[in-house]
Every structure is written in structure tokens, then in C-alpha cells.
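Worth saying up front: this structure is predicted, and the values here are computed from it rather than measured. The sequence lines fix the lettering, A, B, ..., with proteins before strands; numbering per chain opens at 1.
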Amino acid sequence: MSTKPSIPQGTRDFSAEVVRKRNYIFSTIRNVFELYSFQPLETPAMENLETLMGKYGEEGDKLIFKILNNGLDHENKIEKARAGFEKVLEGKSSSDITERALKYDLTIPFARYVAMNHGKLTFPFRRYQIQPVWRADRPQKGRYREFTQCDADVVGSLSLLNEVELANIYHEVFVQLGIKNYELKINSRKILVALAELCGGTDKMTDITVAIDKLDKIGLEKVKEELQQRGLSNEQIIIIENYLNITGSNEEKLIQIKSLIGSSEIGKKGIEEVEFVFQQSKNTNIDIDFTLARGLNYYTGIIFEVKAPAEVKMGSIGGGGRYDDLTGLFGVPDIPGVGISFGVDRIYDVMEELNLFPSGVQVSTKALFFNMGEAESRFAFGIMQQLRSNGISCELYHEASKINKQFTYAEKKNIPFVIIIGSKEMEEKNCAVKNLATGQQEIVSLEKLVDYLKN
RNA sequence: GUAGUCGUAGCUCAGUUGGUUAGAGCAUCAGAUUGUGAUUCUGAGGGUCGAGGGUUCGAGCCCCUUCGAUUACCCCA
């Protein structure tokens, strides 16, 4: 019976200190979302499995946490359950075994919500959503099985101004959090389509994007090798090499890409998109990166990815892009959208590593009343309630322990003031207030105590 | 899913080729100190050495299995 308790792999408990820091990130992001006129939405932790399956690619499907159906042992269902399990063993999923799953991201549940409610929503619909998601991935640095995403999406508008705003939201949030040298990479899927067209057809699109996405990780030669393995001809690889060799400032890159794929109709459109967002947004951290591809295949236009400052080796701390027909998957066509996501858990790790949390984040109890005995503590209790009704967080030590124990308690809990009310103070209607940081102590009349502590 | 590294007190870690009763610092608790502590002094408690099996006269150390943590690959925030 006494096995050590534990929590599932890749999940975490958050202590008070961590919760406060996380809340600091949440509220920063939430305030910016609200400032940009996004409305909150929350969706269930679990979705019907079929809502999620097939939306994240083959790899993604494997990483969805599936929930076992209840009542599998019921005598009427036992045969079905057996048959369903056989299907699972073959790598398929079976509604006889599982028909619900934990949500994998916030975008697909949002698309499902929009499809269900498109008659009631006012378009363009701007929503933000801050909730945990789950992935059955092997945990490692910056990767958890339960983590929180903060998404903002605009659906029902084709305007590129949305992309500009989202780029500005990224900037606003990261500047406020102190992550000044983050990098916002942008590209357009249309440019990648144009490249694929140039290299023998859009069916090669996935092969090409998967390979070039790895450029900064494995280098040009390895990318070329991979392209060869994926069945591209030498001629085609030379085109891609030229594409990958585009370097320089953002302006220079734009000139080079135009000469390479500007003749393609879709390529031209993609370049215009990137150029517009780059010029219209005042975000100085934008880096136009034509190798950026992003895994999710529902993106159709601008794509974003946020890189953490290089010194922390965290990789992506946010991402997003435009999808022309996400709700089409749920039977409601022609609602285009664009969205971004913040990965709070990684942002937390980055800020921790760079020491960016302000000290004021740890706002704890303001004052501790010492317990100086039976009558004294009963008196102090009344004073404490007065402080509380004035919005001052405080507590009374639970028993009349030795003074140094009470001091130690205050110190450990990071409580800045202790208030001592003994028999003498009760008579004189005042109290001794000691500032633990400075060690200074003052006699304060009980009437003025609220003002004294409010500073 | 594949692979590497690591599991010793509440925490951070020592622990010799395998050799008596497994150690230190910090933390906790108690004591010169029931109205002024966080710096000192004294003492105490605390361990199935992750778990299970094996080799050996003898295992914290070697071997196998298993669980957990962590890192990398794949993929991703």
C-alpha cells in the first residue's frame, strides 16, 4: 500500500513560486491579446477522437493521448472490445476501444468550435485561448507531455493586416517579458509551393519542405543527400540549392527570391505576402527565412515561428500561420483564418535561464501577526481581519510558539513585516511592526496600521 | 518508438580493486533563550543505497530484469 506516489511522465506539479511566475507570463500575454481585441474561449480538455485524427499528419496521430472507453468489460460489449483491440494492435484506432482523446493543440478544437457555431459568430472572429494540451511525446529539455499554449486566431478574414497584427503581438509580448532578442521567422507556404512546382510538381512539396526545414540543423550537404534519397533529380536539387543559398538582409533576400521564383504566379503572391508583413509590421525582430516550413500541413499562406534567443538552445517558443480552409475539415467551407501560438512552458524555461523574472512577481503575504498568547492572539485576530478587509494579505501564527520560531516562519515564507501585539500593546492600542528586510521596528498605532502597511 | 547517462538521508552530493556498524554539508527537531530571530555553540532524529533477481565467504560498487529521472534522434511548443 505504501508505494511512493508519483505523477505521469512529462507532467509537473507547480509550486507557489512557479505558479506566480507562470501567471506573470499568462497575464502578460492575456493583456496583449485583450489589447488587440481578442475574445477568450475555452474548450474541453478532451475532444472526440475523430475530431483530432488526421489533422496533424501521421506522426501527430501517434502522439495523441487516447482515452480508453468506459465499460469495456461489460458482458454485452466484450466481443466488440476484443475486435477493437485487434484493430489497435494493427496500428489503427477503433471507436470500440477509444472514442475520445485529450486535445493536442488549440487550433483544431477552435476550428471545430467555429464550424459548430459559425451561424452565431460575428466575423471576423478574433479569439484567444489559454489552456493545457497533451502530447504523448518522449519528454526532454523544453518538451513536456502536458503543456500550455496561448493562441490567438482571426477567422473569417483574408486581410494580411491580421498577419501584421499577430507579428506585432509577438513583439509586444516578448518585449514586455524582456526576451528582446528573440527572432520571428516568417515565410509563406506559397513560396514553398512555387519552389515545389519548379522542381517537378507539388506532390514533392512535403519531401522538399521536410528536408529544407533542417538546413540550420544538419547543413546544406546533408539536406542535399536527403533530397536525393527522397527521389529528387540533380537538376531539381540544384534549384533548391540556389533557393537555400539566398542570404543577406531581409531586403536582399526578397530581391533574390524574386529573381528565382518571381515568375511563378503563386510564388509572386507568396513574396508579396512576406513583403507586406515585413514592411507593414514595425517588428524589428523579423527574419525572413525561406527555409521555414513548419510541420502542420494545413497552413497555406504566411507562416511564423519564434526562435528563442540563441544562447538558450530552446528552439521554437511559438509558431503559427494562415490556413485557408481549416473549418472545411468539419464541413463548413470558406472560412479562412490565421493564428499564432505561444509556448508558455518553454518561454518559462527561457526566462528562468536568462533570469528575466522581475523580483516583484513573488508577492506573498504582507504581514505575520505573532502569537503572543491566548488573549493576545484573540485580539490580534480582530486586527488581522481589519487588515484583510482593507486588502492586505496577512496571517496570524497558529500557536504561541517561541519568538525565534515565529521569526523563522516569517522569513521562510518571505513575509516582509511582522506585527507584535502583546499585553503592553493591547493596553496602549498600538503594535510593534518590524520590517524583516531592514531589521527596523516601529511602534504604530492600531488606527494607522492599515495606512502604514499600504505605504 | 530508438539510443546514451544517472538513481545513496527531506535537499545537494562523497563513498577507494568488492571487505567491519554507509558518510559530509545544508535543512529539521531539541537544548544557555517564553518580547526580538536569520551569525555561534551543544546534542538528537533521519537510509530496504529506486525495485526485483543473480554472481560471491562478502554487493552501495559486478551481471541481468524492471521502474523512474534526464539528454539526444524522430517530431514538435
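For Asn404(A), taking side-chain heavy atoms from C-beta onward, the closest of the listed nucleotides rU33(B), rC29(B), rC75(B) is rU33(B). Distances were taken from every side-chain heavy atom of Arg143(A) (C-beta onward) to each of rG1(B), rG37(B), rC76(B); the shortest belongs to rC76(B). Listed nucleotides rA77(B), rG1(B), rU36(B) differ in distance to Arg346(A); the shortest reach to its side chain belongs to rA77(B). Closest approach to the Glu59(A) side chain among rC29(B), rC75(B), rG35(B) is made by rC75(B) (side chain taken as heavy atoms from C-beta onward). Among the nucleotides rA30(B), rG35(B), rA77(B), the one closest to the side chain of Ser423(A) is rG35(B).
A distance of 9.5 Å separates CD1 of Ile317(A) from CZ of Arg346(A), quoted to the nearest 0.5 Å.
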- Check step by step if ring-ring contact (aromatic ring centres under 6.0 Å, His included) holds for Tyr128(A) and Phe33(A). CA-CA 7 Å; Tyr128(A) 76 89; Phe33(A) 284 168; 5.5 Å; yes
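For the pair Arg127(A) and Phe110(A), the distance from NZ or CZ to the six-membered ring centre is under 6.0 Å and the angle to the ring normal is within 45 degrees.
Between the C1' atom of rA77(B) and the NZ atom of Lys103(A) lies a distance of 15 Å, rounded to the nearest Å. Rounded to whole Å, atom C1' of rC76(B) lies 12 Å from atom OH of Tyr298(A).
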- Note, RNA chain B 5' to 3' with Watson-Crick or G-U pairs under 3.5 Å encoded as ( ), [ ], | and . gives (((((((..((((.....[...)))).((((.........)))).....(((((..]....))))))))))))....
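Legend: residues meeting side-chain hydrogen bond (donor to acceptor under 3.5 Å, both in side chains) with Glu353(A), ordered by chain and number and at least two apart, are absent.
The phosphate of rU71(B) (OP1 or OP2) has no side-chain N or O of Gln140(A) nearer than 4.0 angstrom. For Lys402(A), no side-chain nitrogen or oxygen approaches OP1 or OP2 of rU36(B) to under 4.0 Å. Look at Arg294(A) and you'll find a side-chain N or O under 4.0 angstrom from OP1 or OP2 of rA77(B). Taking side-chain N and O atoms only, Gln406(A) has no distance below 4.0 Å to OP1 or OP2 of rG37(B).
A ring pair (Phe, Tyr, Trp, His ring centres under 6.0 Å) with Phe342(A) is found for exactly one of Tyr182(A), Phe304(A), Phe147(A), Tyr170(A), namely Tyr170(A).
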Enumerate the protein-to-nucleotides 38-44 of chain B contacts in which both atoms are nitrogen or oxygen and the separation is below 3.5 Å.
from    : atom 1 : to        : atom 2 : distance (Å)
rA38(B) : O2'    : Glu411(A) : OE2    : 3.1
rA38(B) : N3     : Glu411(A) : OE1    : 3.4
rA38(B) : N3     : Glu411(A) : OE2    : 3.3

